[in-house]
Amino acid sequence: MLRTAISRNMRNFSNNAEVKCKRLEGKVAIVTASTEGIGYSIAKRLAQEGAKVMISSRKESNVKKAVNKLLEEGLFVAGTVCHVGKAEQRKKLFDETKSVFGGLDILISNAAVNPQVGPVLESEEEVWDKIFDINVKCTYLLMKESLPLLKDSKSPSITIISSISGYQPFNLLGVYSVSKTALLGLCKAAAENLSTYGIRVNCIAPGIIETKFSEPFHKSETANAATMEKIPLGRIGKPDEISGIAAFLASDDASYITGETIVASGGMQSRL
């Protein structure tokens, strides 16, 4: 009888292998730049774990596509257009989240740009302004503007998506790399500042993940070979390998973690 019960339970486990745990039930999350790539994967994972998630990005068509896809999977999501560089759209993001879901518990700041490739000292001043405005300043503004809602949460958290390039700058992503280093510092400073309110602030530093953004590192055979030499695990990461970390940091399993950065890079060096 015991053997039969174990066998039946194993079959049930196998049939439900894709079902995630429900650590985030009752929580509300915002994920910026969440219609594709790492952001989309994070939004999906948070929703799979029970959160109500507000999807956002710059293009309405992309928001609708992502929201419809997740709704078809039975997940609790909504969406709104938000260019993080526009104050009125950031305000709308928070207003709609409160209107639709009643509050906010989790902020995932994922939006970033890189309008030019090349070494750090060969970039134009306008490139510096654009990258630091979106990648750093707007992350700060999102965090600041989220506080009225997060302060009402029983378990508030903020997660910033940085990059392995914040530790080991990529020559082709010079200014972008420096902006990601700045986010590591923002995480530390904000975590100490917001601890008074019980708001945890952490970072994730992904390595080279299979997204449109990373295509220059693996699209060609030559680029892929050079990239593999830098990754001890010998492969490029998947977006889902970042989303699981985001779900952990947003959950009560990480209730005593703040001011930290989790590096998920397949073993690439990560030391400032």
Side-chain angles (χ1 to χ4, degrees), residues 23-24 26-34 38-39 42 46 51 54 82 84-85 87 90-91 93-94 97-98 103-113 128 131-169 175-207 242-265 268-272:
R23 294 179 293 186
L24 305 179
K27 295 189 177 184
V28 175
I30 287 174
V31 185
T32 61
S34 50
I38 290 173
I42 290 174
L46 298 186
M54 182 62 73
C82 181
V84 297
R90 293 195 308 272
K91 182 178 185 302
L93 174 65
F94 292 115
T97 301
K98 182 177 181 180
L104 180 67
D105 305 284
I106 302 161
L107 173 66
I108 310 288
S109 180
N110 176 60
V113 298
W128 279 83
I131 290 177
F132 269 77
D133 183 58
I134 299 298
N135 297 9
V136 182
K137 180 182 175 182
C138 287
T139 298
Y140 146 74
L141 288 171
L142 283 164
M143 294 168 69
K144 183 176 182 179
E145 292 161 2
S146 72
L147 294 184
L149 293 178
L150 289 179
K151 286 179 181 179
D152 288 334
S153 170
K154 294 181 180 179
S155 55
S157 70
I158 298 171
T159 300
I160 301 167
I161 306 303
S162 181
S163 168
I164 189 65
S165 67
Y167 289 97
Q168 297 293 329
V175 184
Y176 174 88
S177 298
V178 177
S179 77
K180 292 298 185 175
T181 304
L183 291 179
L184 302 177
L186 176 60
C187 172
K188 288 286 188 183
E192 183 172 353
N193 183 226
L194 296 181
S195 62
T196 302
Y197 307 104
I199 300 173
R200 298 183 297 105
V201 184
N202 292 293
C203 256
I204 302 173
I242 304 302
S243 62
I245 300 169
F248 162 70
L249 287 174
S251 76
D252 291 339
D253 285 342
S255 60
Y256 203 52
I257 300 175
T258 193
E260 299 296 338
T261 298
I262 295 180
V263 177
S265 65
M268 294 177 71
Q269 294 185 13
S270 56
R271 182 177 180 181
L272 288 175

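- Rounded to the nearest 0.5 Å, atoms CD1 (I131) and OG (S179) are 6.0 Å apart.
- The two residues K27 and D105 make their nearest non-hydrogen contact at CA-OD2, 3.2 Å.
- N202 places no side-chain N or O within 3.5 Å of a backbone atom of T159 that could act as its donor or acceptor partner.
- Residues M143 and S109 have side chains not in contact (no heavy-atom distance under 4.5 Å, counting atoms from C-beta outward).
- Across all non-hydrogen atoms, the minimal contact from P206 to I242 is CB-CD1, 3.7 Å.
- In this structure, N135 contributes its side chain and V113 its backbone to a donor-acceptor pair below 3.5 Å.
- For the side chain to side chain contact (heavy atoms under 4.5 Å, CB included) test, no residue two or more places apart in sequence or in another chain qualifies with S195.
- Here the shortest heavy-atom pairing between K180 and A112 reads NZ-CB, 3.8 Å.
- Counting heavy atoms of neighbouring residues, nucleotides and ligands inside a 6.0 Å radius, atom OH of Y140 does not exceed 12 of them.
- With respect to the salt-bridge test (charged N to carboxylate O, under 4.0 angstrom), the residues K154 and D252 do not qualify.
- S162 is not listed as a side-chain neighbour of T261, based on a closest heavy-atom distance of 4.5 Å or more.
- Residues satisfying the side-chain hydrogen bond (donor to acceptor under 3.5 Å, both in side chains) test with K151, not counting sequence neighbours, are none.
- With values rounded to the nearest 0.5 angstrom, L186 atom CG is found 10.0 Å from N193 atom CG.
- Interatomic distance, S270 OG to I262 CD1, rounded to the nearest 0.5 Å: 12.0 Å.
- Of the residues listed (I108, I38, N110, I161), the one engaging I204 in a side chain to side chain contact (heavy atoms under 4.5 Å, CB included) is I161, and it is the only one.
- Remark: L93 CG to I30 CD1 distance equals 4.0 Å, nearest 0.5 Å.
- Partners of D133 under the side-chain hydrogen bond (donor to acceptor under 3.5 Å, both in side chains) rule, at least two apart in sequence or in another chain, do not exist in this structure.
- Looking at every heavy atom in both residues, L184 comes nearest to C203 through CD2-SG, 4.3 Å.
- Atom-to-atom distance recorded for S163:OG and Q168:CD is 11.0 Å, nearest 0.5 angstrom.
- Using a 4.5 Å heavy-atom cutoff, the side chains of L24 and S251 are in contact.
- The main-chain N or O of I257 is found under 3.5 Å from a side-chain atom of R200 such that the two form a donor-acceptor pair.
- With rounding to the nearest 0.5 Å, the separation of OG in S255 from CG in L249 is 11.5 Å.
- Remark: Y197 engages no residue in a ring pair (Phe, Tyr, Trp, His ring centres under 6.0 Å) (not counting sequence neighbours).
- When all heavy atoms are compared, the tightest approach of A205 to Y167 is CB-CE1, 4.0 Å.
- P156 is linked by a side chain to side chain contact (heavy atoms under 4.5 Å, CB included) to L150, S153, I199, counting only residues two or more places apart in sequence or in another chain.
- Contact annotation: the side chain of I158 approaches that of L194 to within less than 4.5 Å [non-hydrogen atoms, C-beta and beyond].
- At least one donor-acceptor pair closer than 3.5 Å links the side chain of T32 to the backbone N or O of A111.
- Side chain of T181 to main chain of G166: a donor-acceptor pair is present (N/O by atom type, distance under 3.5 Å, no hydrogens or angles).
- Residues forming a side chain to side chain contact (heavy atoms under 4.5 Å, CB included) with A182 (at least two apart in sequence, or on another chain): F132, V136.
- Considering every non-hydrogen atom in both E145 and R90, the closest pair reads OE1-NE, 2.8 Å.
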